[in-house]
**Q** 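This is the structure I want to talk about, given as C-alpha cells.
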2 protein chains.
Amino acid sequence: MNTFSLSVNGLTRCQNGSAERCVSATGYLQRSYDSLAVIVTGFHASKLDSVLPCGQTNEHDFIDAIAGVALSQDETTARGRATAEMVAQRANVSRVAVSRAFNPHASLKPAKRELILRIAQELNYTPDRAARALVSGRSHLVGVIVPDVCSHWESQEIDALTTALQAEGFATLLFKTRIDYSMDEQLLAYMRGFNPDSVIAFVENVKPATLARFLDRAVPIYVHYPRSGAPEESQAGPLHDRLNVLHRTGVEQAVSLLQGYGVRRIAYVSGVDKSRANTAREHMLRVVMAERGLAPPIIAASDFSYDRAYAATLDLFRVGEGADAIFAANDVGAFGVIDALRHELNLRVPEDVKVVGFDDIAQSHWKSYNLTTVKFDLEERVRALVRLILRRLNNPDAPALEETLNTRLVVRGTVG
Amino acid sequence: MNTFSLSVNGLTRCQNGSAERCVSATGYLQRSYDSLAVIVTGFHASKLDSVLPCGQTNEHDFIDAIAGVALSQDETTARGRATAEMVAQRANVSRVAVSRAFNPHASLKPAKRELILRIAQELNYTPDRAARALVSGRSHLVGVIVPDVCSHWESQEIDALTTALQAEGFATLLFKTRIDYSMDEQLLAYMRGFNPDSVIAFVENVKPATLARFLDRAVPIYVHYPRSGAPEESQAGPLHDRLNVLHRTGVEQAVSLLQGYGVRRIAYVSGVDKSRANTAREHMLRVVMAERGLAPPIIAASDFSYDRAYAATLDLFRVGEGADAIFAANDVGAFGVIDALRHELNLRVPEDVKVVGFDDIAQSHWKSYNLTTVKFDLEERVRALVRLILRRLNNPDAPALEETLNTRLVVRGTVG
DNA sequence: ACGGAAAGTGAAAACGTGTTCATTCTTCAC
DNA sequence: GTGAAGAATGAACACGTTTTCACTTTCCGT
C-alpha cells in the first residue's frame, strides 16, 4: 500500500517516502517541539513528498503542508484510528482491561492501568464516543437551541455554557431555530437524531406537541428563560428542575434610584410579546412601581432588538407623550433607545431622559452607552444550569431541584 | 410495569393512569393541535397523574407539566426509542429495508419506501446517528473551535455556519479554546473523541504537533482566517483547499476616500500580533498607501478587543503624535477607537479624526458608531466554506479547491 | 416467449465500545 | 496452612445501524 510513516523522538523511520524530506520535516518538528512525540502515518507518499517543505521553513508553511496532507489523505486509511483492540494487543492485556483503564470507577490494578494509558497515549488512542454512546446510551452531547447566536446575551451565555460543559466532559451541539422564538417540530426531530443527553432551549413558545416528540427518551429539556421566581409566585414545591431569577431586587434598586431624581413618567420598551423574560420584567416593574405610589409604566412594544427599540422610542416621543425615564427589556434594546434619544430626538441622556437596561452584557460598559442596568450574573447562572443538568443526568429520579439567582443594579452613566 | 400511555387522534387510550386526567390532557392537545398525532408513553403513571393539569389550562402550564414528566421519566424506558427492527416488524419488511428507506440512493420499491416512512413517522422513528456513525464512519458533526463566542465577528460567523450546516444534515459541535488564539493539544484530543467529520478552527497559532494528533483520521481541518490572497501572493496552484479574501479592493477604496479629504497621517490599530487576519490587513494597508505615495501607517498595537483599542488610541494621542485617520483591524476595535476619541480625548469623529474598520458586523450601523468599514461578506464567506467542506467530504481525493472572495468599502458616518 | 440486464431483497458480517457473569487470583485474619 | 472475602480478569453478549454478497424478481427489447 502506498503509505508514508514518520515518527519523531526515539524511532525515526520513513516508509515509501522520500528520505530527505522526511528527515527535514522531522528535524523541524524536533527543533520546535522536541519534547513531543509526533506520529504521522497513513498518507499517499506522493502527496506528502511533494508537499513537505525542505530546508529552512517557518511555522506557517509547515502548517499549510500538514493541512494539505490531511486534506488529501488516503481513503483507505480513513478508519486508521487506533482501537481498543490494538492497545490491548500491544499491552498484552484483554480489550476489556483497556475499557476499564478509561473508566475511573472500574477496578483495575494500578500498574496495569498506568501501562495501558501510556500505550494508549503512544498510539494516540481515545475511546470512540460513537461506540460508547451506542452501548451506554449517553452521547455526552447537550443540544442548544437558539434563534440568534449573534444576540449579545445569547452569545455570552453560549460561550459560558460551552466552557462549563467542556469541563465536565460534554460538548455543545448548536442548532438554530427561527428568529421569532418558536421551535419547530422539524428541528426537534432533526436534533433528536443526534441523541443529545439534554436539551437547553433558548426559546419559549414551545408547543406541547413539539416537546412530546422528545418524550420517548429520557431527555431533560430546559426551556431556558426561567420563571420570574418572585416570592409571590413560588408554589409549594417545584414539579421539575427550575432556575429562578429574582428580578425584584434589581428593579427595586433601579426604581428607587430614579425616584431620587424626581422621575415621574416611566416607560417600558418591551421584549418579544409573550416571552417569559419580557413578561416577568414588565410584571415586576409594574409591581414595584405600584408599591411606591407611581403610575403604571407606559408600554412601548418592541422585541429585544436594537432596531425595533429605536423605532419604539421615536414613536413614544413623536406620537406618544414621551417619558422622563425608560426601562428597556434588555441591554441591546436600551442601546437602541439611547441612540434614538440622542441622535434622532436630540435629547440628552441622562439629563433629559434616564435609561435603564436588563442583563449587563459586556457591551454595556462601552463609553458610547455606559449603561445603567439590572445585572443578571451570567457566569453564576450558567454554573447553576450545568449543575442542574448534571445532577439530573446522574440521578434521573432525584426529587425536583430548584436554584434561585438574584439580580442587582449596576449604576453607570445613563442615570443621574 | 408502571407505565402510562396517551395518544391523540384516532386511538385514545390510557393505561394505568387516571382516566379523567388523560382525557383532559387529550382534549387540550386536540383543541390546540388537532391535526397532529401525539404519543406520550413510558412514564411513571404516578408522576404524570399528579402533574397533568385538569380542566382549563393554558399553554405554559401544560408545558411545565410535560417538562416535569420528561425530567422524572423512568430509567427503564431510557432506551425506549423506536428502532429499525420495530418499524420493520410493523411494516412486514426486513430491517434492511428500513435502512434503505432512509437512504435516498438505495434502491427500494417506491410503495414500500412510502409505507416504511409512514410507519416510521407514526412510531417517531429516526435512525440513531451514533449507530450510523459507528458503521459508516461519518458522524455528521463539524467541530468548531473558537476562542470567544461573544466576539461579534465570530458569533455572526458561527450563526451563519450553523444555519448552513444544518441545512446540509450536519450539526455544529462547539468547543472553546484559550482567548490568546492558541489551540492546545488537550482540546484537540478531547474533540477528536467526538469524531467530527471536519474541523473549523477560528484560531491561527496552531502548532504542527497539535494538528498532527488529528492526522490519523481523514479529517479536513480548516484554519479559518484565510490568507490575504492578494494576487502577488498567489502561487502556481493551491496545495490544499483554501479560502482567499482580497482585502485590496476595499482598502484601496478606503484610502482613496481618505486621500480625497486631504488626510496625511494614518494610523493602524492592530489585531492580535501574528494573526493572519491582522498581518494581511496591515500588509495590504501598507502596500496601498505606498502605491499612493503616502508615508507608512503609524502602528498602535492592540488585539481586536474594544478595551485594548481604546487604550491604544489614548497612547497614540497622549504619548505619540496622533493621527488624522485611523484604521482599526476590526469593527469592534474601531468602536473602542471612536469612544476613546470622543469621550476621553474630546476629539470629533469624523471632523477631527476619521475612522475606518474591517468586517462590517451588524453593530456597525448603530447610530452611536455608524462606522465606515471594509465589508467582508459574511454570508457569502460561510457559503463558500461549507461548499468547500462538503465537496471535500464527498470526494476526498479531488484536487485542491480554491475560492476567492472580494471586499468593498461601506461608507457611513465616520469618514467625511 | 425468451434472454439478459437491472432492480429489489434479506441474511450475515461488520463497526468499537460498555456491561454482565462466572472464574481466577490476591489478600488477610486466624 | 487454611478458608473466605474481595479484587481482578476475560469471554460473551448487547447496542442500532450500514454494507456486502449472493439470490430472486421485475423489466424490456427482440
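None of these values were measured; they are calculated from a predicted model. Protein chains get the first letters and strands the later ones, always in sequence-line order, with residue 1 at the start of each.
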**Q** Could you work out which one of dT17(D), dT17(C), dT18(D) sits closest to the side chain of Y125(A)?
**A** dT17(C)
**Q** Would you indicate which nucleotide in dT9(C), dT17(D), dA8(D) comes nearest to any side-chain atom of L108(B)?
**A** dT9(C)
**Q** Hey, could you give me the OG1/CG distance between T163(A) and L174(B), rounded to the nearest 0.5 Å?
**A** 9.0 Å
**Q** Any idea which of dG10(C), dG16(D), dT17(C) is nearest the R100(B) side chain?
**A** dG10(C)
**Q** Give me the ring orientation class for F175(A) and Y190(A): parallel if the planes are under 30° apart, tilted from 30 to 60°, perpendicular past 60°.
**A** perpendicular
**Q** Could you please name the option among dT17(D), dG10(C), dG16(C) that lies closest to any side-chain atom of V135(B)?
**A** dT17(D)
**Q** Expressed as a whole number of angstroms, how long is the span from R129(A):CZ to dC15(C):C1'?
**A** 18 Å
**Q** With nearest nucleotide decided by heavy atoms, which residue, N92(A) or R132(B), maps closer to the 5′ end of DNA chain D?
**A** N92(A)
**Q** Among the nucleotides dT17(D), dT17(C), dA7(C), which one has an atom lying closest to any side-chain atom of P127(A)?
**A** dT17(C)
**Q** Whole angstrom is fine here: how far is it from CZ in R138(B) over to C1' in dC15(C)?
**A** 15 Å
**Q** Does the side chain of S99(A) get closer than 4.0 angstrom to OP1 or OP2 of dG18(C) through an N or O atom?
**A** yes
**Q** List the atom of F170(A), the atom of F194(B), and the distance in Å for their closest heavy-atom pair.
**A** C-CZ, 4.3 Å
**Q** By nearest atom, which of the nucleotides dT19(C), dG16(D), dT17(C) is closest to the L134(A) side chain?
**A** dG16(D)
**Q** Looking at dT9(C), dT9(D), dT17(D), which one has an atom nearest to any side-chain atom of K109(A)?
**A** dT9(D)
**Q** Measuring from the side chain of T83(A) (C-beta onward, heavy atoms only), which nucleotide among dT17(C), dT9(C), dG16(D) has the closest atom?
**A** dT17(C)
**Q** Side-chain contact, heavy-atom cut-off 4.5 Å: K112(A) with R100(A)?
**A** no
**Q** What is the separation between atom CD1 on I116(B) and atom C1' on dG8(C), rounded to the nearest whole Å?
**A** 12 Å
**Q** Ignoring hydrogens and angles, answer whether the base of dG18(C) and the side-chain atoms of R95(A) contain a donor-acceptor pair closer than 3.5 Å.
**A** yes
**Q** Charged N to carboxylate O under 4.0 angstrom, E114(A) versus R118(A)?
**A** no
**Q** What's the CD-P distance between E85(A) and dC15(C), to the nearest Å?
**A** 11 Å
**Q** Look at K112(A) and dG10(D) and indicate whether a side-chain polar atom (N or O) is within less than 4.0 Å of OP1 or OP2.
**A** yes
**Q** Just to confirm, is there a sub-4.0 Å distance from OP1 or OP2 of dG10(D) to any side-chain nitrogen or oxygen of S94(A)?
**A** yes
**Q** To the nearest angstrom, how far is D128(A) atom CG from dC15(C) atom P?
**A** 12 Å
